[in-house]
> 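One structure, as structure tokens, below. Some questions next.
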Amino acid sequence: AALKPRITDEELAAVLFPLLGDSGETWTKLTEYLREEASENGSGKRLLLVEYFVMEHVTLVFAMREDWDRPKFAAVQRNFEELRSYIASSFSLDDRAGASGLNHSRVRHLDTEDFQQRFAPFIEPILEWSEPDDYVYLIPHDVLHYVPLHALRAGPRLLAERNPVLYVPSASILRTCRAKRKNRRRNIAIFGDSDLAHPLPYARAEAIRIGNLFHERPHLGQDATKTCVLQRIQSSGDRLDILHFACHGIFHPEQALKSGILLAPDSDRVENEAGSAPAGPSACSVGRCHFRGRSRARRSYKTRRSAKCN
């Protein structure tokens with residue numbers, strides 16, 4: 001049988017744009033969600049949801065805002081293999097272990113100007129579609145899960161300084177989080193600086209500052225153990241609203257669920273014993289990756305989500 005001619009990325013984009021724009025039910029629900037979020041937020045700031053879709057020669061950028069009737073689109077001309085090669089060389093693990101015995105990320109040697117030049121086009125639509133201080137939800141795709149888009153310059157400031165930036169794996173996760181939300185942020189348990197042999201810079205100060213905001217004493221150093229975490233969860237019951245960790249993370253390149261948060265000696269990680277709600281922790285190793293072969297890094301969030309807790 002004769003082979004069909006390959007559809008180009010540009011032709012695919014021409015098909016996707018109107019299809020996505022006309023999927024009324026999907027976009028209506030998303031708009032309703034954003035409006036509810038903006039209303040509950042009470043800050044008067046808008047919410048912009050931005051989703052990326054990486055293809056062979058172009059990355060599509062879809063966006064929705066609570067005051068729009070239809071989504072907006074943009075396209076970034078970038079070759080996938082070039083993207084993947086750069087990200088692998090810049091953001092994956094270095095094979096050499098550091099003084100702590102952990103493998104450092106190659107990002108420590110990142111050429112920031114080169115990084116800015118390569119990835120600035122990925123946030124240019126955001127600058128057009130948002131004002132400073134608007135909330136920006138980013139949904140990366142494929143290898144973009146490994147790229148700190150918030151660290152790109154947006155004019156004289158970084159994007160993270162211009163706008164509060166939140167990462168989510170998908171729009172459906174937002175709806176799930178909203179359905180389970182308690183709509184309160186009063187009661188918190190804080191754990192920080194759990195590795196006394198190799199202290200995480202600023203972790204103790206971060207935990208103390210968060211504690212001051214909530215008038216809560218943080219568990220620091222040798223007190224930040226897995227036993228303590230579980231005791232706080234069990235004793236607080238449904239009253240606990242937030243778990244905050246300012247700790248090292250450990251990464252297992254083959255089995256993500258063996259990765260986790262590095263706690264003081266009676267355990268070295270928090271796994272899914274506390275419940276079924278996923279948490280995306282910010283720790284030194286949880287976003288690391290190993291690139292092997294030529295396979296695409298599909299759904300890489302599964303690797304980044306290296307610890308689960310309530």
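The first residue of the sequence shown is numbered 1, and numbering continues consecutively from there. The basis for the numbers below is simple: all heavy atoms, side chains too, and nothing from hydrogens, waters or symmetry mates. On a predicted model such as this, the values are computed, not experimentally measured, just so you know.
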> Counting C-beta onward and ignoring hydrogens, is there a side-chain heavy-atom pair between Thr112 and Asp114 closer than 4.5 Å?
no
> So does Lys226 get a backbone contact from the side chain of Asp266, meaning a donor-acceptor N/O pair under 3.5 Å?
yes
> Transitively linked via ILVMFWY side-chain contacts under 4.5 Å: Leu158 with Val147?
no
> Could you grab the distance from atom CG of Leu138 to atom CG of Leu166, nearest 0.5 Å is fine?
8.5 Å
> Is a donor on one side and an acceptor on the other found under 3.5 Å between the side chain of Asp193 and the backbone of Ala203?
no
> With Pro148, which residues qualify under side-chain contact (heavy atoms from CB on, under 4.5 Å), at least two apart?
Phe91, Phe115, His150, Ala151
> Under a 3.5 Å distance rule, please check whether Asn163 uses its side chain to pair with a backbone N or O of Val165 as donor and acceptor.
no
> Do Leu47 and Arg65 have side chains that get closer than 4.5 Å, going by heavy atoms?
no
> Run the ring-ring contact (aromatic ring centres under 6.0 Å, His included) test against Phe122 and tell me which residues pass, sequence neighbours left out.
Phe119
> Can a side-chain donor-acceptor contact be found between Ser130 and Arg162 if the only test is distance below 3.5 angstrom?
yes
> Could you list the cluster mates of Leu220? Members are the ILVMFWY residues connected by side-chain heavy atoms closer than 4.5 Å, either directly or through other members.
Ile208
> Strictly distance-based, threshold 3.5 Å: is any side-chain N or O of Asn187 a donor or acceptor partner for the main-chain N or O of Arg239?
yes
> Just by distance, do the side chain of His141 and the backbone of Leu60 share a donor-acceptor pair under 3.5 Å?
no
> Between CZ of Phe214 and CD1 of Ile190, what distance do you get to the nearest 0.5 Å?
7.5 Å
> Using the test ring-ring contact (aromatic ring centres under 6.0 Å, His included), find all partners of His219 that sit at least two apart in sequence or belong to another chain.
Phe191
> Would the distance check show the side chain of Ser85 and the main-chain N or O of Glu82 forming a donor-acceptor pair, the cut-off being under 3.5 Å?
no
> May I ask you to test the Leu149-Tyr52 pair for a side-chain heavy-atom distance under 4.5 Å?
yes
> For Arg186, is there an ion pair with Asp241 - N to carboxylate O distance below 4.0 angstrom?
no
> Inspect the contact between Arg232 and Glu216 and indicate whether a charged nitrogen and a carboxylate oxygen are less than 4.0 angstrom apart.
yes
> List the residues meeting side-chain contact (heavy atoms from CB on, under 4.5 Å) with Glu113, not counting sequence neighbours, and say none if there are none.
Asp111, Arg153
> Test of understanding: with side-chain contact (heavy atoms from CB on, under 4.5 Å), list the residues that count as partners of Gln231, not counting sequence neighbours.
Thr227
> For Ala264, is there any backbone N or O sitting under 3.5 Å from a side-chain donor or acceptor partner on Thr225?
no
> Do Phe53 and Val61 come within less than 4.5 Å of each other through their side chains, counting heavy atoms only?
no
